[in-house]
4 protein chains.
Amino acid sequence: MKKTKPKYNQIIEAAVEVIAENGYHGSQVSKIAKKAGVADGTIYLYFKNKEDILISVFEEKMGQFIERIIESIHDKQSASSKLLTLIEMHFRQLSENYHLAIVTQLELRQSNAALRLQINKVLKPYLAVMDDIVKEGMSEHIFRDNLNVRLVRQMMFGTLDEIVTNWVMKEGRYDLVSQAPVVHDLLTNGLTAKS
Amino acid sequence: MKKTKPKYNQIIEAAVEVIAENGYHGSQVSKIAKKAGVADGTIYLYFKNKEDILISVFEEKMGQFIERIIESIHDKQSASSKLLTLIEMHFRQLSENYHLAIVTQLELRQSNAALRLQINKVLKPYLAVMDDIVKEGMSEHIFRDNLNVRLVRQMMFGTLDEIVTNWVMKEGRYDLVSQAPVVHDLLTNGLTAKS
Amino acid sequence: MKKTKPKYNQIIEAAVEVIAENGYHGSQVSKIAKKAGVADGTIYLYFKNKEDILISVFEEKMGQFIERIIESIHDKQSASSKLLTLIEMHFRQLSENYHLAIVTQLELRQSNAALRLQINKVLKPYLAVMDDIVKEGMSEHIFRDNLNVRLVRQMMFGTLDEIVTNWVMKEGRYDLVSQAPVVHDLLTNGLTAKS
Amino acid sequence: MKKTKPKYNQIIEAAVEVIAENGYHGSQVSKIAKKAGVADGTIYLYFKNKEDILISVFEEKMGQFIERIIESIHDKQSASSKLLTLIEMHFRQLSENYHLAIVTQLELRQSNAALRLQINKVLKPYLAVMDDIVKEGMSEHIFRDNLNVRLVRQMMFGTLDEIVTNWVMKEGRYDLVSQAPVVHDLLTNGLTAKS
DNA sequence: AATGAATGAGGATTCATTCAT
DNA sequence: CATGAATGAATCCTCATTCAT
C-alpha cells in the first residue's frame, strides 16, 4: 500500500493557493508553510528549496493533467476525435481549477531559466501525445500526409495556451470548454472557405 | 520636431543588451546604467522606475516591429497574402534581432502581473492588425464567413509566439523565416486532407 | 563499579572524529549521532545539550591526557627530568592522536566564551602539575628560588601550546616528539649564552 | 594627500567595540552598522562581507601594533634590550586597548579556518621581527649560537600570547606591563639557578 | 542636467532541541 | 531506553531609489 505523504500533499496544495493569490514573487516560504499548517522548517524535510516546491507543484499537477487526457482519448476512434477530446480536456481541467490555471498560465512563467527547463521536461509527454495524434491522423489519411509534425504541434499547443491565458487574464469571465469544438474546427479546417 | 533624446535611446538599447545577456533577474539598474555609459541616477531622469524602463523597451521595440509589419502588408492585395507577409515579417524581425527575441520571448515574461498588463496594452495594435486581416478575409469570402475573430487571432498569435519561443530556446539553430509559408498554409488550410 | 555506558563513549568518540573532519561549525548534532550510530534524540539522553558534548569530549580526553602525564612523571627524580617527561608526553600524546590534536588546538577554540571557561576548568589540574614541578624545582634549588610560578607556568603552557598548534597547522608534517629536549633546554636555560 | 575614508574607519572602530561587547557570534552586521552610524548596506560598500570586516579589523589594528613595536625597538642597541622593548610594547598596547585585547585574544579565535589563515598572514611580519631579534642576538653572541630560531620564536610568541590571554580572562585586574622585565628574564635566562 | 554614495527593507534556510510513539 | 519527524528562531546581503553636490 502506498504511503500517503500527507504533509507533502498539504504543502503542494498550499503552494498552488498561495501562488495563485499572491503571485510568484509574493509567495514567501513562510506563507506557504502557514497555509499548509506546518512549520517553515518542515517544508525543507520534503523539498530541497523553494524552487523545488514549484517544480514539484508543476510535476504533480501536470502529471495528473496529462494522465487524464491520455485516459480520455484512449478509447476515441479517430485522430480527429482524439484531438477534440484533448482540447476539451485541456480547457476543462484548467476551467475547473482556476487557481491552478493562474499558476500555470501566469505565475510559473516568471520563473528563471533553470526552472523553465524543468517545466519543459514535464511538458514533453504532453507534446508527445499531440505528436502522436498528428501522426495517427496522417496514417489514417484524415490529416494531410505531408505535415511538419513539430510545426503542427507548436500550432496546437500555442493556440490552446494562448486561449487559456487570455481566459485567465479575463478572470475566467466566459465559458472556456464550450469553445473546444470551434478551436477543433479551426485547427482541422483552417480559415479558408470551402469551395 | 521630435527631440532626439540620445541618453533615452542609449538606455533603451543598453537595457535590451543587458537583459539578453544577463536575464531578467540579473539585470540590475546599475548594470544598465554602466552599459549605457551614464550614472545610475541619470536613469531616473528619463524613466520613472525600473519597470518603466522595461515597458519603454517593449513600447519602442514593439512599436517599430508593428509599424514595419503594417507597412509591409499595406500594398498586399488579399487577406491571405497579408497574413503570409505578417508571418514572414514576424519571423524575420525576431530572427534578425536575436537579443530582442530573447528579451520578448523569454525574459520579459518573468516580469510581474502588473508589467504584463502593460505589455498586453502595447500588443493591442498588433492584435488589431490580425483581427483586420481576418475580417478582411471574411468580407472577401477568402476566409469562412462565420469565424470567431477573437479565437482565430488567438490561434494566429499563439502559433507564431510558440514557434518563435521554441526557436529561441533552441538557440536559433535553424532558419525561422523559411517556415513562414508552411505556417501560413497550416493556418489557412488546417490539418485536414483535401478530399 | 562504574557502568560502561557504551553509547556515551560511542558519542564521545564520534564527536572527536566528526569535529576533526568537519570543523567545529560543520559538526551538527545529527552528524555526530549518525557517526555514533544512534538517533539524534538519543544524544540528549546522555548529554544536556551540544555544548555539553564538547565539554565532555574535552573532559574525557584531557582527563586521560593528564593522568598519563602524572603517571609518567611520578617516578622521575628531579623537577628537571619531570619537566622533560611532561614535554615529551604532551607532544607524544597529541602526535599519536592527530584527530584529537586538531580538535584541541584548532576547533575547540572556536567555541564561545562560556565553553572556554569550562575548558579552562578542565585544564586546571594540568596547570597545577606544572606549578608543582616549578615549586619542586625551586625547593630542590635546581630552579631559581624567586620564580613567579604563575608566569613560569604561563610560559611553559604557552610555549607547548604554540608549538603544537604550529605543528597541527603544518599538518603534522614533521616530528614533534623529537623536539622535546630542545624545548626543555630552552625553558630551563633560556636564550643566553653561557659565560 | 591621502583620503581619510572616514566611513571605513568608523566601521572598523565600531566593529572592535561591538565584538568586544557582544562576542564574535553576537555581533550582527546590523549592530556594527548602527554603532558606526551608517546604514547596513553601507557596510557592503567598504567590505566584501562580514568576514572581510573581521580580517580588516585585524589587519588595521595589527598593522599599527607591529609598526609601533618596530619603531620602538629600532634604536635599541642589543638584541636583549630589543626583546625587552618588544615585550613591553606588546603588553602595553593591549593593556591600553582592552577592547582590542578581547577581540584578538578571545573573539577572533572563534573564526573559521579560512579566516585564521588570513590572520596568520597578518601575523607573519611580527613573527619575522621576533626571528630577527633572535638571529641578531646570536650573531652578537649575547644569545647561544645554536638556537632553533623557529622554536625560540614559538616559545616567545606562545609565552606572550598565553600571558595576555590569562590577563584578559582575569578581566585585566592586574598590571600587565610591569611584568615585562620578569618575562624578559625568564625567556633569556630560563628557569635554572645560576651556579 | 548629471552624478554616485548612501540608504534600508525584505526572505530563504539551517539546525539544536523536543516529545509522541 | 530509543527513535526521528517536526519545530521555529535568527541573520546576511542585494539592489532599486534618493538627493546633496
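The shown structure was predicted, so the numbers you read here are calculated from the model rather than taken from an experiment. Residue numbers begin at 1 in each chain, while the letters A, B, ... track the order of the sequences.
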Item to check | Whole-Å gap separating P (E:dT17) and CD1 (C:Ile53) | outcome: 8 Å
Checklist entry - Which heavy atom in C:Phe65 sits nearest to a heavy atom in C:Leu94, and how many Å separate them? => result CE1-CG, 3.9 Å
Checklist entry - Tell me: NZ of A:Lys34 to P of E:dA12, nearest whole Å? => result 15 Å
Item to check | Rounded interatomic separation in angstrom, taking OH from A:Tyr24 and C1' from E:dG11 | outcome: 13 Å
Checklist entry - NA contact type, D:Phe47, heavy-atom cut-off 4.0 Å: base, sugar-phosphate, or nothing? => result nothing
Next on the checklist: Go nucleotide by nucleotide along DNA chain F from the 5' end; which of B:Ser30 and A:Gly37 gets its closest nucleotide reached first?
Outcome noted: A:Gly37
Item to check | 5' priority, DNA chain E, between C:Gly41 and B:Asp40 [closest heavy atom] | outcome: B:Asp40
Item to check | Whole-Å distance separating the NZ atom of A:Lys31 from the C1' atom of E:dG11 | outcome: 11 Å
Checklist entry - For A:Asn49 and B:Val38, take the nucleotide of DNA chain E holding the closest heavy atom to each; which residue's nucleotide lies nearer the 5' end? => result B:Val38
Next on the checklist: Before you tell me yes or no, could you show the steps for C:Gln10 and C:Tyr46 under side-chain hydrogen bond (donor to acceptor under 3.5 Å, both in side chains), namely the whole-Å CA-CA distance, both residues' side-chain angles and the distance that decides it to 0.1 Å?
Outcome noted: CA-CA 11 Å; C:Gln10 276 168 44; C:Tyr46 294 91; over 6 Å; no
Checklist outcome for this item: Heavy-atom nearest pair, A:Glu171 first then A:Tyr98, reads CA-OH, 3.2 Å
Checklist entry - Would one find a side-chain N or O of C:Lys50 under 4.0 angstrom from OP1 or OP2 of E:dC15? => result no
Checklist entry - Would you say a side-chain N or O of A:Tyr44 is under 4.0 Å from OP1 or OP2 of F:dG8? => result no
Checklist entry - Between E:dT13 atom P and A:Ile32 atom CD1, what is the distance in whole Å? => result 11 Å
Checklist entry - F:dT3, F:dT11, E:dA1: which one has an atom nearest the side-chain heavy atoms of D:Gln28? => result F:dT11
Item to check | F:dT14 - base-pair partner by Watson-Crick or wobble geometry, distances under 3.5 Å | outcome: E:dA9
Checklist entry - Rounded to the Å, how far apart are D:Leu45 CG and F:dC15 C1'? => result 11 Å
Item to check | Nearest-angstrom distance from the residue atom NE2 of A:His25 to P of F:dA16 | outcome: 12 Å
Next on the checklist: Within this structure, what is the CD-CD1 distance for the pair B:Glu17 and B:Ile32, rounded to the nearest 0.5 Å?
Outcome noted: 11.0 Å
Item to check | Spacing between C:Tyr8 atom OH and F:dC1 atom C1', to the nearest angstrom | outcome: 18 Å
Next on the checklist: Could you check whether A:Gln28 and A:Asn22, counting side-chain N and O atoms only, form a donor-acceptor pair closer than 3.5 Å?
Outcome noted: no
Item to check | Residue whose closest nucleotide on DNA chain F lies nearer the 5' end, D:Lys48 versus A:Tyr46 | outcome: A:Tyr46
Checklist entry - Does a nitrogen or oxygen in the side chain of B:Lys7 sit under 4.0 Å from OP1 or OP2 of E:dA2? => result yes
Checklist entry - Across all strands, who's sitting opposite E:dA20 as a Watson-Crick or G-U wobble pair, both distances under 3.5 Å? => result F:dT3
